[in-house]
Number of protein chains: 2
Amino acid sequence: MEMDDRKMKILQAIIDDYILTGVPVGSRTISKKYDMGLSSATIRNEMSDLEELGYLDQPHVSAGRIPSAKAYRLYVDSLMKTGRIRDDSLETVSRHFTGRVHQMEDVIDHAASVISALTRYTAVVLPPKGKQPRMQTVQLVPVSRDAALVVIVTDTGIVRDSTIRLPGDMDSDTLYAISRALTEELRGHTLAEACEILPGMIQRMRENQELLQGLYGFLNERKESPSRPHVAIGGTSNMLSYPEYSDVEKARTFLSLMETRDKLASIIAGDGEMAFTVRIGPETGVPEMVDCSIVTATYSTRSGQQGTIGVIGPTRMQYSRVMSILNIMGHQLTDLFSGGDDSNE
Amino acid sequence: MEMDDRKMKILQAIIDDYILTGVPVGSRTISKKYDMGLSSATIRNEMSDLEELGYLDQPHVSAGRIPSAKAYRLYVDSLMKTGRIRDDSLETVSRHFTGRVHQMEDVIDHAASVISALTRYTAVVLPPKGKQPRMQTVQLVPVSRDAALVVIVTDTGIVRDSTIRLPGDMDSDTLYAISRALTEELRGHTLAEACEILPGMIQRMRENQELLQGLYGFLNERKESPSRPHVAIGGTSNMLSYPEYSDVEKARTFLSLMETRDKLASIIAGDGEMAFTVRIGPETGVPEMVDCSIVTATYSTRSGQQGTIGVIGPTRMQYSRVMSILNIMGHQLTDLFSGGDDSNE
DNA sequence: GTTAGCACTCAAGCGAATCGAGTGCTAACC
DNA sequence: GGTTAGCACTCGATTCGCTTGAGTGCTAAC
């Protein structure tokens with residue numbers, strides 16, 4: 001037995017209905033709501049076939065059918081109607097977006113909350129991420145008598161800052177001179193490389209040995225964890241409005257997963273270089289998420305760094321709507337980060 | 001009728017028990033578990049009195065009593081045993097804390113997750129906040145041919161950064177010179193004041209008019225919202241483990257309140273200058289939180305800025321434990337931010 | 001003032017009965 | 001052969017009544 005056109009249409013109707021209502025859908029519903037000129041009995045036969053093919057599951061014998069992960073996969077891959085991409089609310093909100101851009105973090109926070117508001121699911125936004133950020137400028141900014149702020153500008157545009165202690169009195173001109181030397185020496189190198197270059201400089205620049213030593217420690221400590229990326233999350237509470245999460249225990253595990261941002265980031269980030277990903281249920285590879293789906297899209301910055309935006313929802317997700325929203329938001333962010341610069345005019 | 005010593009003792013026992021178990025407590029429980037040499041009948045009479053005095057509520061006639069907000073207030077104010085302040089787990093974790101301090105945001109994020117892990121409630125940490133941050137250093141760091149990063153160090157230690165566009169080619173020495181001039185001129189002033197000073201400078205420094213104009217816009221845009229503070233939250237999912245939140249709808253409103261960080265910040269921040277605050281149920285002034293309590297403490301930085309740490313839990317909260325944890329964590333943060341500087345050695 | 005005793009209340013838990021949505025199967029129909 | 005009407009059957013969900021037991025309030029005796 002194999003899929004024919006009619007089975008496809010029926011499957012699609014079932015999925016559409018289930019996505020809409022969230023309750024198992026029966027044969028009568030299909031034959032009445034979606035008029036395909038077939039009686040419920042015929043639908044029933046077809047549904048039985050579809051179940052045998054692995055596209056439908058039956059929670060218990062006297063309930064309707066629900067789509068399996070395999071069905072959603074098929075749905076997303078081929079039979080989803082890609083819907084009206086334009087959405088009024090989206091347009092307005094996305095306009096509201098432009099022009100209030102401050103720092104990177106604000107942007108991705110905002111993006112997450114906009115996406116979650118539009119989709120009514122949980123949204124996650126990861127900042128742009130390159131392979132290895134390369135240093136562009138190093139500058140020591142005096143903060144107090146005995147402390148300076150280290151500002152490192154990398155090509156990702158990300159700034160790491162933290163204070164280090166100054167050995168003795170150093171005026172701002174001295175600091176500037178050191179900054180210049182450092183910039184000259186380190187520009188274009190990664191943090192890890194910088195840690196290899198510095199010892200040489202320490203040898204040469206005797207008078208500032210102590211300061212440089214401090215800087216060395218500073219870099220060394222950060223070279224591994226590229227300043228743990230700020231993960232923006234929005235709409236976690238949305239999930240609780242779906243019957244899938246009326247079980248509090250389930251909700252709790254979901255929420256605590258959302259709280260461990262590192263883990264979440266690695267889940268969302270994905271491995272491939274795909275611009276658009278849809279992972280359904282078990283495909284997520286996360287045991288806690290067997291009945292969730294994750295849709296991700298990417299955006300990029302002027303310097304070619306890639307960021308990820310993702311939506312997490314129940315497998316019964318409005319895939320087409322989510323995908324179109326992610327699509328538009330991806331473009332939006334790409335424009336924002338590469339069109340102008342990320343600042344005010 | 002008024003409170004006597006015995007009533008106090010009984011009330012305390014009731015509250016202790018209710019905090020522990022979460023179920024209405026009956027007269028027999030008190031007379032047996034907490035031996036006060038009285039029969040359940042006597043306890044019953046006293047409980048009836050306590051109810052009349054407004055310290056106890058009765059969910060329904062044949063259930064035990066639960067403490068009212070007034071009872072918790074009394075409990076916190078006078079009859080709480082301030083418990084063993086030292087906690088083994090706390091010691092270990094707080095040690096684990098020291099020595100991994102990076103940026104401010106990391107610190108408060110970390111603090112929130114530590115507090116929530118220890119208390120099993122929801123923790124909120126607000127960054128140090130002064131009345132009006134005063135500028136200490138202004139520095140323009142070249143990022144690319146036509147853009148520079150504006151780094152402003154204020155006495156709060158908070159850095160605001162964002163890129164602005166550069167008019168023409170400007171080498172880093174020029175930028176440094178301008179930075180020096182700006183620092184000299186603006187040091188000690190608030191952002192708002194800076195916006196009044198700048199026009200004068202623009203007049204004088206003709207050649208860099210365009211750049212300064214950009215900077216002016218930059219400051220103007222930020223002077224109102226002091227870079228919306230980063231609010232750290234931890235353990236929102238903890239709340240779902242309490243029977244108080246087995247109702248999903250309740251949980252949802254709570255969580256969505258936690259998501260609107262601005263609102264949350266203003267709730268936590270409180271108005272007074274109290275070092276320690278306990279707000280119980282309706283005292284929070286937030287309708288969504290009638291059956292929550294909020295305990296806050298403060299910490300301070302070297303420059304005297306005050307930050308807030310808070311715990312949100314059910315009214316049936318382990319007040320003494322929470323307070324001692326907040327107390328210790330407050331000292332911890334104060335040490336961290338004022339003892340050394342917030343960096344590595 | 002304290003306590004034992006007792007009648008009373010009421011949520012929670014349990015099981016039987018009912019309901020109804022939905023299926024699978026068979027036989028008739030086109 | 002595919003489609004449909006009809007019917008018996010299944011099983012979760014709902015309802016109803018019953019029982020249980022924790023807990024109270026009151027009264028009378030100590």
Side-chain angles (χ1 to χ4, degrees), chain A residues 1-11 13-15 17-18 20-68 243-244 246-247, chain B residues 1-11 13-15 17-18 20-68 71 243-244 246-248:
Chain A
M1 178 195 0
E2 61 184 36
M3 288 294 270
D4 56 23
D5 216 49
R6 196 172 70 178
K7 282 189 175 52
M8 283 284 203
K9 274 189 74 172
I10 293 174
L11 183 56
I14 293 172
I15 298 177
D17 199 78
Y18 186 66
L20 206 65
T21 67
V23 296
V25 15
S27 54
R28 235 172 96 79
T29 314
I30 298 301
S31 94
K32 276 175 73 180
K33 259 173 59 178
Y34 308 78
D35 59 0
M36 22 192 65
L38 292 174
S39 78
S40 67
T42 311
I43 306 285
R44 228 153 29 234
N45 290 331
E46 295 288 38
M47 282 167 94
S48 172
D49 289 352
L50 284 168
E51 182 171 358
E52 200 175 322
L53 286 167
Y55 291 107
L56 294 179
D57 288 331
Q58 208 171 7
H60 54 268
V61 58
S62 76
R65 308 297 218 287
I66 61 174
S68 67
E244 280 87 340
S246 56
D247 177 16
Chain B
M1 178 195 1
E2 59 183 36
M3 287 295 272
D4 56 24
D5 216 49
R6 196 172 68 175
K7 281 189 177 48
M8 283 285 202
K9 273 188 74 173
I10 292 175
L11 182 57
I14 293 172
I15 297 177
D17 200 78
Y18 186 67
L20 206 65
T21 66
V23 295
V25 14
S27 54
R28 234 173 97 78
T29 313
I30 297 300
S31 95
K32 277 174 72 181
K33 261 173 59 177
Y34 308 78
D35 60 0
M36 21 192 66
L38 292 174
S39 79
S40 65
T42 311
I43 307 285
R44 220 146 42 228
N45 290 330
E46 296 288 39
M47 282 167 94
S48 172
D49 289 355
L50 284 168
E51 182 170 357
E52 200 173 325
L53 287 167
Y55 290 108
L56 294 179
D57 288 330
Q58 208 169 9
H60 56 266
V61 58
S62 76
R65 307 299 217 286
I66 61 174
S68 68
E244 281 86 342
S246 56
D247 176 17
V248 181

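When side chains are defined from C-beta on, L56(A) counts as touching L11(A), because their heavy atoms get closer than 4.5 Å. Taking the side chain as every heavy atom from C-beta outward, L38(B) and S31(B) never approach each other to under 4.5 Å. Looking at heavy atoms from C-beta onward, I43(A) lies out of side-chain contact with E46(A) at the 4.5 angstrom threshold. Residues N45(A) and D49(A) fail the side-chain proximity criterion, which asks for heavy atoms closer than 4.5 Å.
Summarising the geometry, the separation between CD1 on I10(A) and P on dT23(C) is reported as 12 Å, rounded to the nearest angstrom. Atom-to-atom, CD of E46(A) to C1' of dT23(C) comes out at 15 Å; the value is rounded to the nearest Å. One can place CD of Q58(A) at 17 Å from P of dA21(C), the figure rounded to the nearest angstrom. With rounding to whole Å, L56(A) atom CG is found 14 Å from dG22(C) atom P. Spacing between atom CD1 of I14(B) and atom P of dG23(D) amounts to 12 Å, rounded to whole angstrom units. As a whole-Å value, the separation of E51(A) CD from dC25(C) P is 11 Å. Regarding D49(B), its CG atom lies at a distance of 13 Å from the C1' atom of dG25(D), rounded to whole Å. Atom NZ of K7(B) and atom C1' of dG1(C) are 12 Å apart (whole Å).
Here A41(B) lies in heavy-atom contact (under 4.0 Å) with a base. Looking at heavy-atom distances under 4.0 Å, S27(A) makes contact with sugar-phosphate atoms alone, never a base.
More than 12 heavy atoms of other residues, nucleotides or ligands sit less than 6.0 Å from atom NZ of K7(B).
Side-chain to base pairing of R44(A) with dG6(D): one donor and one acceptor N or O lie within less than 3.5 Å of each other. At a cut-off of 3.5 angstrom, the base of dT9(C) holds at least one donor-acceptor pair with the side chain of S62(B).
Pairing for dT19(D) is with dA12(C), a Watson-Crick or G-U wobble pair whose two hydrogen-bonding atom distances lie under 3.5 Å. Pairing for dG2(D) goes to dC29(C), judged as Watson-Crick or G-U wobble with the two contacts each under 3.5 Å. Across all strands shown, the partner of dA28(D) is dT3(C), judged by Watson-Crick or G-U wobble contacts whose two distances both fall under 3.5 Å.
Nearest nucleotide to the H60(B) side chain, out of dG24(C), dC10(C), dA4(C): dC10(C). Checking dT24(D), dT23(C), dT3(D) against the side-chain heavy atoms of M47(B) singles out dT24(D) as nearest. Distances from the side chain of T29(B) to the nucleotides dG23(D), dT2(C), dG22(C) place dG23(D) closest. Taking the side chain of V61(A) as heavy atoms from C-beta on, and the options dC11(D), dT3(C), dT3(D), the nearest nucleotide is dC11(D).
Put simply, CZ on R65(A) and CD1 on I30(A) are 11.5 Å apart, with the number rounded to the nearest 0.5 Å.
Where R28(A) and N45(B) meet DNA chain C, the nucleotide closest to each residue was compared, and N45(B) sits on the side nearer the 5' end.
Contact annotation: R65(A) side-chain N/O to dG22(C) OP1/OP2 distance is not under 4.0 Å.
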